[in-house]
Amino acid sequence: MSDEIVRIKGTKSGLQLLFAAGATYSEIEAEIRDKLAKGSGFFCRGTVMHAMEGSLEKDEMEQLRKLFHDAGVIFSVTRRHFGKETEQAKEQREKVVEQTSAEPAQAAVPKQPDDDAAMQMVIVNRTLRGGQEVRTKSSVLVVGNVNPGAQIIAGGSIDIRGTCRGMVHAGAFGNQNAFVVADHLMPTQIRIADLIARSPDTAPGDLEKTARPERASIKDGQIVIEPIER
């Protein structure tokens with residue numbers, strides 16, 4: 001029966017968790033922990049994992065979020081239903097605006113965290129060019145590059161399925177558990193909560209040789225960048 005408690009379905013926006021009818025949260029958590037311990041390919045670091053809103057209680061969703069966060073997986077509670085999306089999700093997705101000049105990131109930072117919003121996901125299915133930005137209370141998934149002069153300011157985590165050369169600010173509402181993941185992480189600036197870091201100066205040839213997915217997160221009061229497996 002254990003194989004039927006947690007099923008995983010691939011979608012355009014990531015992986016969808018499906019739970020067996022009648023399964024208890026303890027059974028669900030135990031199976032997910034088992035998959036994480038075995039290094040299942042479904043749970044690579046930086047993967048976006050969705051669970052449908054209402055499939056578990058709110059506090060159980062929060063426990064799953066923390067569990068996945070410890071494994072470097074972005075967990076999102078979504079209202080998207082197999083190709084359809086709610087007006088709220090559509091509104092969040094369309095919060096990509098073009099500007100002639102980038103504004104300081106501080107202007108978009110509320111003082112209080114919003115954990116519920118950070119568990120949602122804004123999906124950008126294109127490259128962000130210079131002068132473009134995304135500002136949202138949610139987490140952000142970019143299927144494309146973030147070019148120099150572009151910026152992302154998110155209340156949750158940021159996952160870039162491409163090269164990041166712009167400015168990224170995760171946990172902008174004060175969430176120090178947020179992180180930034182990219183296939184090639186070389187931004188002009190990284191911010192997580194109230195901490196700031198820059199990429200080291202590296203020659204272009206060296207960047208190509210060492211290109212690999214990386215994850216930036218807060219450890220011991222500072223932003224640490226480390227390689228990951230996708």
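Note that the numbering runs from 1 along the sequence shown for the chain.
Atom CD in Glu60 sits 15.0 Å away from atom CZ in Arg65 (nearest 0.5 Å). The CG atom of Leu67 lies 9.5 Å from the CZ atom of Phe75; values are rounded to the nearest 0.5 Å. Interatomic distance, Leu128 CG to Arg126 CZ, rounded to the nearest 0.5 Å: 6.0 Å. Expressed to the nearest 0.5 Å, how far CG of Leu56 lies from CE of Met61 amounts to 4.5 Å. To the nearest 0.5 angstrom, Ser157 atom OG is 8.0 Å from Ile192 atom CD1. With values rounded to the nearest 0.5 angstrom, Asn145 atom CG is found 4.5 Å from Thr127 atom OG1.
The side-chain heavy atoms of Ile153 and Val134, taken from C-beta on, include no pair separated by under 4.5 Å. Val168 is not listed as a side-chain neighbour of Gln151, based on a closest heavy-atom distance of 4.5 Å or more. When side chains are defined from C-beta on, Arg215 does not count as touching Pro227, because their heavy atoms never get closer than 4.5 Å. At a threshold of 4.5 Å between non-hydrogen side-chain atoms, the residues Glu27 and Glu29 do not count as touching.
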Pair Val124, Leu141 - check side-chain contact (heavy atoms from CB on, under 4.5 Å), show working.
CA-CA 6 Å; Val124 181; Leu141 169 65; over 6 Å; no
Could you check Arg33 against Glu31 for salt bridge (Lys or Arg N to Asp or Glu O under 4.0 Å), going step by step and ending with a plain yes or no?
CA-CA 5 Å; Arg33 286 186 180 277; Glu31 181 156 328; over 6 Å; no
For Ile160 and Val181, what are the C-alpha separation, side-chain angles and deciding distance, and is it a side-chain contact (heavy atoms from CB on, under 4.5 Å)?
CA-CA 6 Å; Ile160 300 167; Val181 173; over 6 Å; no
Using the rule given for side-chain contact (heavy atoms from CB on, under 4.5 Å), can you reason through Val142 versus Asp159, listing the C-alpha separation, both sets of side-chain angles and the distance that settles it, and then say yes or no?
CA-CA 6 Å; Val142 178; Asp159 184 2; over 6 Å; no
Should Val6 and Leu17 be marked as a side-chain contact (heavy atoms from CB on, under 4.5 Å) after you check the CA-CA gap, both sets of side-chain angles, and the distance that decides it?
CA-CA 7 Å; Val6 179; Leu17 285 172; 3.8 Å; yes
Walk me through it: do Glu214 and Arg212 pass the test salt bridge (Lys or Arg N to Asp or Glu O under 4.0 Å)?
CA-CA 6 Å; Glu214 291 181 310; Arg212 65 195 185 283; 3.3 Å; yes
For His69 and Phe179: C-alpha separation, side-chain torsions, deciding distance, then whether ring-ring contact (aromatic ring centres under 6.0 Å, His included) applies.
CA-CA 9 Å; His69 175 268; Phe179 53 85; 5.5 Å; yes
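Summarising the geometry of Ala23 relative to Ile28, their closest heavy-atom pair is CB-CG1, 4.1 Å, with the distance given to 0.1 Å. Counting all heavy atoms, side chain and backbone alike, Arg165 lies closest to Thr188 at O-CG2, 3.4 Å. Taking each heavy atom of Phe173 and Thr136 in turn, the nearest pair found is CZ-O, 4.3 Å. Residues Gly166 and Pro187 approach most closely at O-CB, 3.0 Å, considering heavy atoms. Closest non-hydrogen pair, Gly156 versus Ala178, comes out as O-CB, 3.6 Å. Of all the heavy atoms in Ala216 and Ile190, the pair that sits closest is CB-CD1, 4.0 Å.
Residues passing the side chain to side chain contact (heavy atoms under 4.5 Å, CB included) test with Asp59, sequence neighbours excluded: Glu57, Gln63. The side chain to side chain contact (heavy atoms under 4.5 Å, CB included) check on Leu195 picks up Ile218, Ile223, with sequence neighbours excluded. Here Gln222 pairs with Val224 under the side chain to side chain contact (heavy atoms under 4.5 Å, CB included) rule; sequence neighbours left out.
By the 4.0 Å N-to-carboxylate-O rule, Lys58 lies too far from Glu62 to be salt-bridged with it.
Between the side chain of His169 and the backbone N or O of Ala193, at least one donor-acceptor pair lies under 3.5 Å. Between the side chain of Gln132 and the backbone N or O of Arg129, at least one donor-acceptor pair lies under 3.5 Å.
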